[in-house]
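Here is the structure we will look at.
All ligand and atom numbering here is 1-based and tracks the order in the structure. Heavy-atom basis, side chains included; hydrogens, waters and symmetry copies ignored.
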Amino acid sequence: MPERFTVTTPIYYVNDVPHIGHAYNEVATDVLARWHRMRGDDTWMLTGTDEHGQKIMRTAAANGVSPQEWTDRLVESAWIPQLELLNIANDDYIRTTSERHKVGVRIFLERLKEAGYIYHGEFEGQYCVGCEEYKTANDLVPGTGEFEGQLVCAIHSRPIEVVREANYFFKLSEFGDRLLALYEERPDYVQPEHVRNEVRQFVKQGLNDLSISRNTFDWGIKVPWDETHVVYVWFEALLNYITANGYGVDDELFARRWPAVHIVGKDIARFHAVIWPAMQMAAGIEISSHVFGHGWLLVGGEKMSKSKATGIEPRQITEVFGVDAFRYYFMSAIAFGSDGSFSWEDLDARYHAELANGLGNLASRVIAMVHKYCDGVVPEVAVDADILALTTDAVGRAERAIDRFAIDEAVDAAMSIVERLNGYITEQAPWVLAKDEAQRDRLAAVLASNVHGIGAAAILLAPVMPETAQKLWAAVGGEGDVLAQRIQAAHEWQGTGRVTTVPPLFPRIEQAQPAS
Ligand code: MSP
């Protein structure tokens, strides 16, 4: 039986076009999904868009169109094209304005109400429309500039709004002990450790019930038993993870796809690791397998965001460096789980050092030498023992890293093959061996070892750089699709025994940062 691997991205707000923070999230999830597919797991990657709520309603109004028109426009012109641009192989895409989502949300709410977890009550709260979240005093900081003298949201630097309404509530406060027990019993449920600690601290302080409806605007899903209310956008958005998989409608599908692994930014880990599991407990569905909270991309030391004008669109980078280099850079340069600063200089330096001079150069040299010294035929001799040990070790390290969500370490393991082979070529100097008839066997072993190493690296790099990996794979005589190879056996691959050609993989770039 293959293992099940259902993995999700957050669903993105469509108030604006995507930036590289969103792309980071999507690429990381895609790499995990591709990796598991290559293991042979029953893999399902879900992504989508979060289309209700005040933020989107206001943005639509400011642009003079209805919220539905606005979301349709953004999804079609920006969010779906972004997946194509980044070569994301998602299996499904859920929109919260879709019928299947609305149906599932209503079923879930009815069940929660029947189970006694929803009540009607008075409410006053401080709301940040940017976050679509009620804030506590700890979440607010003194404003600066035009907001001097007011308290503002620490994330958006904008004033909060006071909401006074009669709403429906979810009895979140009843779940504190069960949540703490969950974190204890399953220490790898919330990762990495610092996010787990933060979440535990938050729950230990005591939970308040959660207001889950609004009745002062109507851009949302109506509460089934009271159509004067729409469901609070976060409560509804979290349900995308199950409404996409047949919850309440197709039990067989749901049983096959659920539970899921959620890859989210650390800023929304609390929603996923506190509110969401409490909702799951209340509704009697299995708790998600993991919530991994990755770090932020920082620009100039701050979380990169469109609202603070530090937003960079993925296209600005892919147009210069290509999609695979984009994916590689963000997956390798930042420890997954930590914040990482983006700079054009760092991207440019790593592109040239690791990809152009490291990987690209290795492949073109080796392929050229097999043509030159062996007429393109890979010598049928044993691979040097230390090179076989190198690839075997790299596969093991990469596999273990992926199970810890340490994507950067998995990439590092793959690239350790490239780095070592470059050193090995310099040491073995095949061009010297080629001049000496007595060294024919040695030359054969060195070339076979290099071809073997590049093939193994191509398989391990395929989830991160699918297009480049396919070119490398074909060049070393791999058959068919590199993505169809078993990643856990990358060190055992066998090819046709003939190399082909390798196109230029990473051309040199003169001007990294596009003139703005
Ligand atoms: N709609 C909610 C999620 C609902 S999931 C049930 C949301 N959307 S978002 O568009 O604001 O953010 C989506 C994801 O992008 C979040 O995981 C967030 O952490 C991530 N990022 C936004 N800016 C980012 C960076 N600068 N760096 C890394 N990730 C960033 O929240």
Practice problem: Using the ring pair (Phe, Tyr, Trp, His ring centres under 6.0 Å) rule, collect all pairs that involve residues 56-79, keeping only residues at least two apart or in two chains. | Solution: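 Of all non-adjacent pairs touching residues 56-79, those that pass ring pair (Phe, Tyr, Trp, His ring centres under 6.0 Å) are Tyr12-Trp79, His22-Trp79.
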Exercise. May I ask you to check whether Phe292 and Phe336 place their ring centers less than 6.0 Å from one another?
Key: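 They qualify: ring centres under 6.0 Å apart.
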Quiz item: With a 6.0 Å cut-off on ring centres, are Tyr168 and Phe235 close enough?
Solution: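 No.
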Exercise. Kindly tell me which protein residues have any non-hydrogen atom under 4.0 angstrom away from an atom of ligand 1, grouped by chain and ordered by number?
Key: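 Answer by chain and number: Pro10, Ile11, Tyr12, Tyr13, His19, Gly21, His22, Asn25, Asp50, Trp234, Ala237, Leu238, Asn240, Tyr241, Val264, Gly265, Asp267, Ile268, His272, His294, Gly295, Trp296, Leu297, Lys303, Met304.
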Any Lys/Arg nitrogen of [X] or [Y] sitting under 4.0 Å from an Asp/Glu carboxylate oxygen of the other?
X	Y	result
Arg95	Asp50	no
Arg196	Glu193	yes
Arg34	Asp30	yes

